[in-house]
Amino acid sequence: MVNRFLAACRKQKVDRPPVWIMRQAGRYLPEYRALREKAGSFLTLCTNPELAAEATLQPLRRFPLDAAIIFSDILLPLQALGVSFQFPDNGGPRLAQAFAGPEDWAELQAPASWESMEPVAQALRIVRQALPPEVALIGFCGAPWTLACYLLEARGSSDWTKARIAAHRWPSQLQKLLSTLAHAMGEYVAFQVAAGAQAVQVFDSWAGVLPPEQYQELVVPALERLFRSLEGLGVPRILYLGHGSHLLRTVAALPLEVVSVDWRTDLRKAARLTGKVVQGNLDPAVLFASETEVKRHTKAMLQRAPEVGYIANLGHGIWPDTPIAGVEAFLTAIQENP
Ligand code: CP3
């Protein structure tokens, strides 16, 4: 059987678009909530290989998905760089301490070994064993800019003022921080590929807070370093460009195969401007509509998608209280295609 996801990443023709769901393992699934309770904390779930593998596989048992994404978090590997943080039960990640200025990251460097992330490698091996060959396994990391946003802000934000100010106050030092993160994350995803990941997705969730010129000058060199380092691995490289409709031209020259776009980006335009395979981009809010409406919106999305080189997905992560019926209607509409 063909692996639809990997074929589409290579711009090969497939019988229908492959599909997976951004943040497909998570709180909208009752079985995830039960597992999370059993684990006691989100970090335990991430660092126990059996539990992380189980969380990864849960959505695959329920839905006909073409890919699994390893259950973890973009902040997890920062522990190997000496950064500590917590995931309180509500409200997103919290760093023990924000990076207040360049002196706070002057000493930051990629770890000598990724041994401390062995639980992630172990979870990847368990999942790969459990999956049929037609289902792809995706590894991931945070993009340098998005990770820097959390390091500078110490928590989530909607406009990332501290990070944007830092980018103007200390441009060369920030560039150095992004370069260090790029180097570290390149090694970290290569470590995931060695353990069985067949594609890698780099999440630049907060790309869109920067204008194109600044994204080009400050961020693109770091992304170039990261993606270039993965060249020899032979796995598809995916960049998620959150809120990034204005950055499509800017990422066109990067050495990667797939651009994942949010719900405000036109899929055809994304394919045309980047020349890459495109992934996305249903608004996660659509899944709360009636089944008929979910199907109508999904089919409209497929109409707007390029015929080859397209992977169906949401435009951002699925929300915790999403109705399962909405997810099912979304997947059915894709299976019914064409
Ligand atoms: O199936 C999957 O995709 C799960 C694996 C996964 C998680 N986080 C688990 C998680 C992935 C791929 C991520 C990526 C991630 N984490 C991103 C990039 C994608 C995006 O959404 O933009 C970002 C920015 C983060 C940082 C992060 N982690 C935030 C902002 C939050 C809180 C918001 C939220 O969704 O709760 C987390 C916590 C988190 N990461 C949870 C899960 C399942 C919830 C924790 C819990 O179960 O208590």
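Every number for a ligand or one of its atoms is a count from 1 in the order of the listing.
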Checking salt bridge (charged side-chain N to carboxylate O under 4.0 Å, His left out) between Glu54 and each of Arg61, Lys38, Arg36, which is the one that passes?
Arg61
May I ask whether His316 has any heavy atom positioned less than 4.0 angstrom from an atom of ligand 1?
yes
Could you tell me, atom by atom, which parts of ligand 1 come under 4.0 Å of a heavy atom of Phe203?
12 (C), 18 (C), 19 (C)
Should Asp266 and Arg268 count as an ion pair when the cut-off is N to O under 4.0 Å?
no
Nitrogen or oxygen atoms of Ala25 and ligand 1 under 3.5 Å apart:
yes
Please state which protein non-hydrogen atom is closest to atom 39 (C) of ligand 1 and give its distance, to 0.1 Å?
Arg23 NH2, 3.3 Å
For atom 45 (C) of ligand 1, the protein heavy atom that lies nearest, with its residue and separation:
Phe42 CD1, 3.6 Å
Lys/Arg N to Asp/Glu carboxylate O, Glu336 vs Lys295, below 4.0 Å
yes
Nearest protein heavy atom with distance in Å, relative to atom 36 (O) of ligand 1
Arg27 NH2, 2.4 Å
Has the side chain of Asn313 got a donor or acceptor atom that lies under 3.5 Å from a matching backbone atom of Met22?
yes
From the options Ser72, Pro59, Gly26, select the one whose nearest heavy atom is closest to atom 9 (C) of ligand 1.
Ser72
Would you mind listing which atoms of ligand 1 come within a distance below 4.0 Å of any non-hydrogen atom of Met22?
19 (C), 20 (C)
So, Trp114 and Glu187: side-chain donor and acceptor under 3.5 Å apart, yes or no?
yes
Please say whether more than 12 non-hydrogen atoms of neighbouring residues, nucleotides or ligands are located less than 6.0 Å from CD in Gln97.
no
Can you confirm whether the side chains of Gln109 and His183 place a donor and an acceptor under 3.5 Å from each other?
no
Identify which of Phe140, Tyr150, Tyr240 has a heavy atom lying nearest to atom 24 (C) of ligand 1.
Tyr150
In this structure, atom 29 (C) of ligand 1 is nearest to the protein heavy atom Pro93 CD, 3.5 Å
hydrophobic_cluster_shared for Leu233 and Leu256, side chain cutoff 4.5 Å:
yes
Checking Glu224 side chain against Pro221 main chain: does a donor-acceptor pair fall under 3.5 Å?
no
Taking both backbone and side-chain atoms of Gln24, is any N or O found less than 3.5 Å from an N or O belonging to ligand 1?
yes
With a cut-off of 4.0 Å, which atoms of ligand 1 are near a heavy atom of Phe87?
28 (N), 37 (C), 38 (C)
Return the closest protein heavy atom for atom 46 (C) of ligand 1 as residue, atom name and distance.
Arg36 NE, 3.2 Å
In this structure, atom 32 (C) of ligand 1 is nearest to the protein heavy atom Gly92 CA, 3.5 Å
Is the shortest side-chain N to carboxylate O distance from Glu31 to Arg62 below 4.0 Å?
yes
Quick one about Gln279 and Trp20 (side-chain donor to acceptor, distance below 3.5 Å, no hydrogens or angles considered), yes or no?
yes
Any nitrogen or oxygen of Tyr32, main chain or side chain, under 3.5 Å from a nitrogen or oxygen of ligand 1?
yes
Considering only distance and modelled atom types, tabulate donor-acceptor pairs under 3.5 Å from the side chains of residues 119-144, sequence neighbours left out.
residue, atom, partner, partner atom, Å
Gln122, OE1, Arg125, NE, 3.4
Gln122, OE1, Arg125, NH2, 3.2
Arg125, NH2, Glu118, OE2, 2.5
Arg128, NH1, Val135, O, 3.0
Arg128, NH1, Gln198, OE1, 2.5
Arg128, NH2, Leu131, O, 3.3
Arg128, NH2, Pro132, O, 3.0
Arg128, NH2, Val135, O, 3.4

Give the residue, atom name and distance (to 0.1 Å) of the protein heavy atom nearest atom 22 (O) of ligand 1.
Ser205 OG, 2.5 Å
In terms of residue, atom name and distance, what is the protein heavy atom nearest to atom 27 (C) of ligand 1?
Asp73 OD1, 3.6 Å
Closer than 4.0 angstrom: is that true for some heavy atom of Ile69 and an atom of ligand 1?
yes
For atom 15 (C) of ligand 1, which candidate among Leu75, Asp204, Ile74, Leu76 holds the nearest heavy atom?
Ile74
